[in-house]
**Q** 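Could you have a look at this structure, given as structure tokens, before my questions?
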Amino acid sequence: MEHVDTIVIGAGVSGLTAARLLGRAGRRVVVLEARDRVGGRVWTDRSGGASTDLGASWIHGVTGSAVAEAAKAFGMRTMEFTVGGYQPDSRPIAYYGPDGRRLDHDAARAFADDIRAVDAALLEKIADSVPEASYRDVTDAALAAQGWEPERSERVREYLEHRSEEQYGAWIEDLAAHGLDDDAIDGDEVVFPDGYDVLPARLAEGLDVRLEHAVTHVEWADGGILVRCGEERFTADTAIVTVPVGVLKSDGFRIEPPLPEPVAGALGRLEMNAFEKVFLRFPTRFWDEGVYAVRQQGPESRWWHSWYDLTALHGDPTLLTFAAGPAAEATRSWTDEELVEDVLAQLRRIYGERVGVPTGLHRTAWQDDPFARGSYAYMTLGSTTADHDALATPVGGVLHLAGEATWTDDPATVPAAMYSGHRAAERVLGRAVPISDAWSD
Ligand SMILES: Cc1cc2nc3c(=O)[nH]c(=O)nc-3n(C[C@H](O)[C@H](O)[C@H](O)COP(=O)(O)OP(=O)(O)OC[C@H]3O[C@@H](n4cnc5c(N)ncnc54)[C@H](O)[C@@H]3O)c2cc1C
């Protein structure tokens with residue numbers, strides 16, 4: 001049985017950040033990671049020559065972002081790509097109406113103005129909402145306040161459904177009214193043409209990371225921590241658990257004694273979402289040049305409504321769309337052929353016979369991944385934004401939870417993971433340390 005100062009469970013961005021800061025402070029740390037790689041939900045595929053980020057791709061706003069600072073320090077190349085947030089405009093977006101025809105400039109602008117009008121009313125509706133209210137309840141109330149004719153309201157209503165799904169991978173009636181409160185974007189959004197996974201790879205350098213170590217039990221008591229991975233045992237004075245919410249809730253991951261309040265209650269109100277990426281590569285570009293995103297309106301666009309042009313990243317004509325919320329759940333068991341045909345049918349409504357035969361498909365399966373169980377956590381009805389921080393309340397002075405779901409400001413992101421790892425390290429050390437220690441020499 002090995003004894004260290006701190007065991008970190010999970011080698012995603014949160015765990016690696018915590019481990020680096022603790023190591024830098026002179027602590028003996030071991031990181032136990034179930035997979036055969038580091039990075040967790042930051043994962044880049046390089047088959048076929050080009051980098052494809054299967055997990056996180058964007059920094060949603062570089063201003064003041066620790067991730068942007070770390071990426072700079074690690075020499076990671078970035079490319080501005082400001083459509084990661086589900087915005088109605090601000091970058092060239094080609095809108096297509098329910099009839100498959102492109103909206104002209106004035107119509108697209110009027111639609112974006114409608115969304116802004118509803119968003120302005122939404123702030124008050126969210127502030128006044130009861131705890132059990134859904135995002136549907138508050139957006140419907142904000143829409144009703146506009147007094148528009150049904151067709152105009154319906155276009156915005158479906159847009160808001162898409163926003164709930166594309167931002168949080170959750171059906172609008174399942175997402176709490178406050179579920180999108182902390183979705184602020186400061187500055188440009190950027191992506192990584194050479195892959196986001198350089199970040200965790202660099203954070204992991206020099207750390208004692210044990211891959212293929214799936215933890216099954218964490219026992220905590222006044223005296224410290226006992227962790228079991230199959231037959232192996234590790235003991236420590238403290239532990240930082242960074243596994244996703246879906247793993248924390250699963251039978252395969254036991255914490256004894258069970259997590260107390262307020263941690264248990266917060267965990268109960270957060271759920272893993274259903275959100276998958278679908279990348280389609282084509283021999284040639286059939287969509288308009290200079291358009292970052294293509295969005296389709298109308299009932300036919302229920303699942304496949306937005307496509308992002310990734311060609312600039314690597315030169316291969318590529319569209320990214322998302323199976324999100326109900327679409328992700330329903331298509332989970334589909335074959336590749338079924339999925340591609342369904343997406344192409346919608347593209348043909350817009351581009352007709354110009355749509356080529358795809359030369360490549362990448363689709364993610366985060367819902368089926370036993371070490372993720374979804375892409376990120378969302379707030380179910382009855383939860384409050386404070387649940388994120390409550391989830392990280394120290395347990396017995398020895399056990400700390402960290403990870404994207406434990407950070408209130410922009411949860412569900414890589415920055416949230418990094419900040420939560422920093423906070424956990426500070427709590428273990430009992431003192432403040434600069435977050436930049438995680439990437440500076
Ligand atoms: C499809 C997708 C798109 C996304 N897009 C973006 C984006 O554009 N921008 C953004 O900022 N964020 C995005 N995110 C979210 C972002 O990837 C996550 O918030 C962040 O990477 C989470 O880091 P973490 O350290 O909290 O968790 P993880 O990265 O999940 O790390 C936890 C680690 O624990 C390990 N683990 C699990 N179970 C066990 C076990 N039993 N024993 C040991 N180890 C275990 C896991 O393998 C994993 O390595 C996206 C995520 C997905 C999936």
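Start at 1 and go down the list; that is how both ligands and their atoms are numbered. The analysis underlying the following values was restricted to heavy atoms, covering all of them including side chains, and did not include hydrogens, waters or symmetry mates.
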**Q** If you count the non-hydrogen atoms of other residues, nucleotides and ligands that lie under 6.0 Å from CZ in Arg28, is the total more than 12?
**A**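 It does: Arg28 CZ has more than 12 such atoms within range.
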**Q** Using a 4.0 Å cutoff against the non-hydrogen atoms of Ile9, which atoms of ligand 1 qualify?
**A**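 Close to Ile9: 43 (C).
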**Q** If you measure from each non-hydrogen atom of Val67 to ligand 1, which part falls under 4.0 Å: side chain, backbone, both or neither?
**A** neither
**Q** Would you say the side-chain atoms of Asp45 and Ser47 include a donor-acceptor pair closer than 3.5 Å?
**A**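 Their side chains do contain a donor-acceptor pair, which is all the 3.5 Å distance test asks for.
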**Q** For atom 20 (C) of ligand 1, state which one of Leu199, Thr413, Leu248 supplies the nearest heavy atom.
**A** Thr413
**Q** Going by ring-ring contact (aromatic ring centres under 6.0 Å, His included), Phe275 matches just one of Trp366, Tyr376, Trp171. Which one?
**A**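 For Phe275, the ring-ring contact (aromatic ring centres under 6.0 Å, His included) test succeeds with only one of Trp366, Tyr376, Trp171, which is Tyr376.
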**Q** Could you list which atoms of ligand 1 come closer than 4.0 Å to a heavy atom of His60?
**A** 7 (C), 8 (O), 9 (N)
**Q** Taking Asp316 first and then Arg285, would you say they form a salt bridge - that is, a charged N and a carboxylate O separated by under 4.0 Å?
**A** no
**Q** Ligand 1 versus Ala412, non-hydrogen atoms closer than 4.0 Å: side chain, backbone, both, neither?
**A** backbone
**Q** What part of Pro244 sits under 4.0 Å from ligand 1 if we count only heavy atoms: the side chain, the backbone, both or neither?
**A** side chain
**Q** Classify the contact between Phe371 and ligand 1 as side chain, backbone, both or neither, using a heavy-atom distance cut-off of under 4.0 Å.
**A**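 Both of them.
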**Q** Would you mind telling me if ligand 1 is within reach of the side chain of His213, the backbone, both or neither, using heavy atoms under 4.0 Å?
**A** backbone
**Q** When you measure from the centre of the six-membered ring of Trp439, is the NZ or CZ of Arg202 under 6.0 Å away and within 45° of the axis?
**A** no
**Q** Can you classify the ring geometry of His162 versus Tyr86 as parallel (below 30°), tilted (30 to 60°) or perpendicular (above 60°)?
**A** perpendicular
**Q** Below 4.0 Å, non-hydrogen atoms only: which portion of Tyr376 touches ligand 1? Side chain, backbone, both or neither.
**A** side chain
**Q** Does Leu32 approach ligand 1 within less than 4.0 angstrom via side chain, backbone, both or neither, non-hydrogen atoms only?
**A** backbone
**Q** Which is closest to atom 4 (C) of ligand 1 in terms of heavy atoms, Gly15, Ala18, Ala56?
**A** Ala56
**Q** Kindly identify the option in Gly61, Gly10, Pro411 whose heavy atom sits closest to atom 33 (C) of ligand 1.
**A**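 Shortest heavy-atom distance from atom 33 (C) of ligand 1: Gly10.
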**Q** List ligand 1 atoms under 4.0 Å from Ser375, heavy atoms only on the residue side.
**A**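 Under 4.0 Å from Ser375, ligand 1 has these atoms: 1 (C), 51 (C), 52 (C), 53 (C).
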**Q** In this structure, is the centre-to-centre distance between the rings of Tyr292 and Tyr308 below 6.0 Å?
**A** no
